[in-house]
Every structure is written in structure tokens, then in C-alpha cells.
Amino acid sequence: MHPAEAAKPLIKFNHCKKYIYSFSVPQCCPLCQQVMSSRKLEEAPVSISNPFTNGHQEKCSFLLRPTQGTFLREYDGRSDLHVGITNTNGVVYNYTMHGVQRDEAGWEQSVSIPLLQPGMYGLMDQWDKYLEDFSTSGAWLPQRYEEDHHNCYSYTLTFINCVLTTEGKGQLDKGEFTEKYVVPRTRKASKYITLYRGIEEHGFYVTDCPEEETNPPEGSGVC
């Protein structure tokens, strides 16, 4: 899959006392081969929301993607992840061994976390200047990069904390930010990847006691 290619929609329906996932509702149940009908409301198919987004269409957001490849194709749950922050035009600022990069492509399949609360127009107006000024400081020169201690995550979290300080709010440490904002979304993404790959391989995916798909609150920004 090309990074910019949209994922196929996922559908969930109830039949044979199972939850069955597929890319479309089949004419016959893949388990019992009976003709599908949705006379009962609880058997009606529902769409499963895609946890991935085109990061270049997200403003003032924290983005997460595999360093190599895409989530739906190459990611194996242990691969390195890369993170960045978007400006108001969807340019992704991210720190690598080559310094701060300003990517206009390559983040088309990302996990996105909004960093601003709705209605924070004053901060949004200053966002691009804050991000650019922060990125040109000496702390983020190529020679300062250390894979384990001064990396892309350090860059994004330090910027977020600078904004929080500007707003008179308390700072977040790496563990707190990860647990509160990143983990709920990556957990949802992991489940989606399992479903997607299972459907691609077998045409459908079945669960006995499905867990409810929980979505992190939309629009609940960090700053």
C-alpha cells in the first residue's frame, strides 16, 4: 500500500452469535452460509472508524508513524516509531540525526493527537512562529541528536511543554504524556491492524466476545 492510499473501510456485523468483520457485508454469512439479513437492529452492520489519518491534513497535532513503512503493511508491533508536530498548514516538523525536518509528505498514515483545545485561536495564530523559533534553537542541531536520549520524542515533548508553560499550565513528563494521550490511540490502532490484516488474509475476521471499540475523546487537546 502506498502511504497516501486510503485504507479500505471496515464493517462489523453480528451473525451466528459472533461478531464478524469484513471490508463489505457479504450476501451470505461466511460461517453458516445463510443469506444475510438485517431484520434485527443488533445484527445491522456498523462501520469501524479508522484510527489512522493523513497527518498533513491535521493542524497543530502530534503525529506518530512507523520509522519505516506504514502501520497497515510493515509495522509488526516492535518496529521503531517516529513522531512529529504539524504546523497550521500540515507541515510535519520532526527531529532526526539530520536536524529538524519539515516534511510536506510521508505522514499520510499516522496516529494523530490534537494539541490544542477547540477555540484556542490566539495560540493557533502564534503556533507556526512558536514551532519555527523552537526548531531553530541550538538544542536541535544534527550533532546534538542521540538516538536514546535526545531524539524525536524529546523534541516533540519539549515543544509541548514550552507551549504549556506559555499558557501557564503544568508540564508533562514522557511517561504521563505517553500513558494519557499516546497509549489509548496506539492500543486502538493495534486492534485495527489485527482486524485489517486478518480480513486481507481470510476475507473476514471473527471474534467470540468482542471488546467495545473505545475512542479517545475527540478534540480534547493537550494544551
Side-chain angles (χ1 to χ4, degrees), residues 3-4 6-7 49-67 70-71 75 80-96 98-141 144-145 150-189 192 214-223:
S49 61
N50 186 343
F52 307 114
T53 184
N54 182 345
H56 300 291
Q57 296 177 356
E58 302 294 324
K59 295 181 178 181
C60 311
S61 296
F62 172 97
L63 300 182
L64 179 78
R65 67 163 172 80
T67 302
T70 65
F71 277 114
Y75 185 64
D80 289 340
L81 294 170
H82 191 44
V83 299
I85 291 179
T86 59
N87 69 5
T88 59
N89 296 309
V91 176
V92 185
Y93 284 61
N94 58 101
Y95 184 50
T96 73
H98 304 294
V100 176
Q101 309 299 301
R102 297 160 178 81
D103 296 341
E104 297 184 12
W107 297 75
E108 289 83 1
Q109 192 182 103
S110 303
V111 171
S112 176
I113 300 171
L115 294 176
L116 294 186
Q117 301 283 353
M120 297 185 70
Y121 302 114
L123 182 52
M124 184 178 289
D125 286 344
Q126 297 294 316
W127 189 267
D128 290 356
K129 183 180 187 306
Y130 285 159
L131 187 55
E132 185 62 36
D133 289 349
F134 173 81
S135 301
T136 53
S137 72
W140 312 112
L141 293 171
R144 298 289 302 276
Y145 183 86
H150 195 71
N151 52 28
C152 60
Y153 213 110
S154 314
Y155 167 82
T156 55
L157 189 58
T158 303
F159 176 74
I160 289 168
N161 279 325
C162 285
V163 174
L164 287 170
T165 298
T166 301
E167 293 294 297
K169 298 178 180 178
Q171 298 200 348
L172 295 166
D173 62 31
K174 182 177 180 180
E176 185 181 4
F177 178 78
T178 302
E179 188 65 29
K180 186 173 182 180
Y181 296 103
V182 179
V183 169
R185 288 169 171 82
T186 54
R187 189 177 289 134
K188 180 186 175 189
Y192 189 91
T214 56
N215 297 316
E218 295 297 331
S220 54
V222 178
C223 301

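- In this structure, L115 and V163 have side chains that are not in contact, with every pair of non-hydrogen atoms separated by 4.5 Å or more.
- Of the N and O atoms on the side chains of T158 and N161, not one donor lies less than 3.5 Å from an acceptor on the other residue.
- Atoms SG and CG, on C60 and N89 in that order, are 9.5 Å from each other to the nearest 0.5 Å.
- The side chain to side chain contact (heavy atoms under 4.5 Å, CB included) with I85 is formed by just one residue from the set V92, N94, I160; it is I160.
- N87 CG to M124 CE: the interatomic distance, rounded to the nearest 0.5 Å, is 11.0 Å.
- Taking 4.5 Å as the limit, every side-chain heavy atom of L157 sits out of range of all side-chain heavy atoms of V83.
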Review point. Checking side chain to side chain contact (heavy atoms under 4.5 Å, CB included) for the pair Y75/L81: CA distance, chi angles, key distance, verdict?
Key: CA-CA 9 Å; Y75 185 64; L81 294 170; 3.7 Å; yes

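- For A189 against P51, the heavy-atom pair with the smallest separation is CA-CG, 3.8 Å.
- Heavy atoms only, all atoms of each residue included: V111 and R185 are closest at CG1-CB, 3.7 Å.
- To the nearest 0.5 angstrom, T186 atom OG1 is 8.0 Å from F71 atom CZ.
- Taking both residues in full, the closest heavy atoms of T86 and E58 are given as OG1-O, 2.9 Å, listed atom of the first, atom of the second, then distance.
- Side-chain atoms of T67 come within 3.5 Å of backbone atoms of D80 as a donor-acceptor pair (strictly under, hydrogens ignored).
- Counting heavy atoms from C-beta outward, H56 and E108 have side chains that approach closer than 4.5 Å.
- Within a 6.0 Å sphere centred on NZ of K180, other residues, nucleotides and ligands contribute 12 heavy atoms or fewer.
- To the nearest 0.5 Å, atom CG of residue L131 and atom OG1 of residue T156 are 11.0 Å apart.
- Side-chain N/O atoms of S135 and Y95 include no donor and acceptor closer than 3.5 Å.
- In this structure, Y192 and F52 have perpendicular ring planes: the angle between them is above 60°, well past the 30° mark.
- The shortest distance between side-chain heavy atoms of S154 and N151 falls below 4.5 Å.
- A 4.5 Å side-chain heavy-atom check between C152 and T96 finds every atom pair outside the cut-off.
- Not less than 6.0 angstrom separates the ring centroid of Y145 from the ring centroid of H98.
- Minimum heavy-atom separation, E132 to R102: OE2-NH2, 3.0 Å.
- Considering CG of N54 and CG of L63, their distance stands at 9.0 Å, rounded to 0.5 Å.
- One finds the CD atom of Q101 at 10.0 Å from the OH atom of Y155 (value rounded to the nearest 0.5 Å).
- For the pair P184 and E179, the tightest heavy-atom approach, listed with the atom from each and the gap, is CD-O, 3.4 Å.
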Review point. L116 and W127: side chain to side chain contact (heavy atoms under 4.5 Å, CB included), yes or no, with the steps?
Key: CA-CA 10 Å; L116 294 186; W127 189 267; 3.5 Å; yes

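- You'll find the ring centres of F62 and F177 inside the 6.0 Å limit.
- Within the 3.5 Å criterion, the main-chain N or O of G175 finds no donor-acceptor partner in the side chain of T178.
- Between the side chains of Y130 and T166, not a single donor N or O lies within less than 3.5 Å of an accepting N or O.
- Minimum interatomic distance between Q171 and T165 (heavy atoms only, all atoms of both residues): NE2-OG1, 2.9 Å.
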